[in-house]
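Right, one structure below, let's go through it.
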Amino acid sequence: MDLKQTLAFCAGVCEDCAAVGYSRIQYGTLRKWHPTGTDYADICALTASLLMSPEALDSEHLLNCERACRLCAEVCAGYDQEHCRICAKICLKCAVHCRISYQKLSN
């Protein structure tokens with residue numbers, strides 16, 4: 001997958017994870033949850049949209065996206081839910097992809 005596809009996939013996984021967490025709170029099957037997945041998904045989606053216009057994408061966007069993906073992975077890794085484990089794994093992969101792209105852009 002290229003970076004744009006990775007970002008779009010990560011955004012979708014974060015949205016799904018947040019939706020499942022929210023529904024579990026609503027039905028009382030999850031007591032503690034941080035509804036930040038949609039925030040992280042928004043950052044991935046924004047970065048993916050900036051890739052459509054390469055002159056609009058700078059290294060700071062990639063670094064911010066990498067940070068957001070790592071934070072999301074850290075938050076999700078703290079939960080014992082399958083959807084959270086999947087989200088954490090995908091977010092870490094996306095963070096690595098952002099870092100590699102940042103390094104290419106910086107050189």
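Computed from heavy atoms alone, side chains included, the values below leave out hydrogens, waters and symmetry copies.
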Quick check for you: to the nearest 0.5 Å, what is the distance between Cys94 atom SG and Arg70 atom CZ? 10.0 Å
Does the Asp42 side chain pair with the main chain of Ala45, one donor and one acceptor, at a distance under 3.5 Å? no
Distance (rounded to the nearest 0.5 Å) between Ile90 CD1 and Cys17 SG: 11.5 Å
Are Val13 and Leu7 linked, directly or through other ILVMFWY residues, by side chains that come within less than 4.5 angstrom of each other? no
Quick one about Thr47 and His61 (side-chain donor to acceptor, distance below 3.5 Å, no hydrogens or angles considered), yes or no? no
Give the minimum heavy-atom separation between Cys72 and Cys87, together with the two atoms involved. SG-SG, 3.9 Å
Check whether any side-chain heavy atom of Tyr102 lies under 4.5 Å from a side-chain heavy atom of Glu66, and answer yes or no. no
Starting at NE2 of His97, measure out to CG of Leu92 and round the result to the nearest 0.5 Å. 14.5 Å
If the condition is side chain to side chain donor-acceptor pair (under 3.5 Å), which residues does Asn64 pass it with, not counting sequence neighbours? Arg67
Would one find more than 12 heavy atoms of other residues, nucleotides or ligands at under 6.0 Å from atom CD of Glu74? no
d(Ser101 OG, Leu3 CG) to nearest 0.5 Å is 4.0 Å
Is the CG atom of Asp80 crowded by more than 12 outside heavy atoms at less than 6.0 Å? no
Could you check whether any side-chain heavy atom of Cys91 comes within less than 4.5 Å of a side-chain heavy atom of Cys14, counting everything from C-beta outward? yes
Atom CG of Leu62 and atom CD1 of Ile100: how far apart are they, to the nearest 0.5 Å? 11.5 Å
Rounded to the nearest 0.5 Å, how far apart are CD of Gln81 and CD1 of Ile86? 11.5 Å
Can you tell if the side chain of Val96 reaches within under 4.5 Å of the side chain of Lys93, non-hydrogen atoms only? no
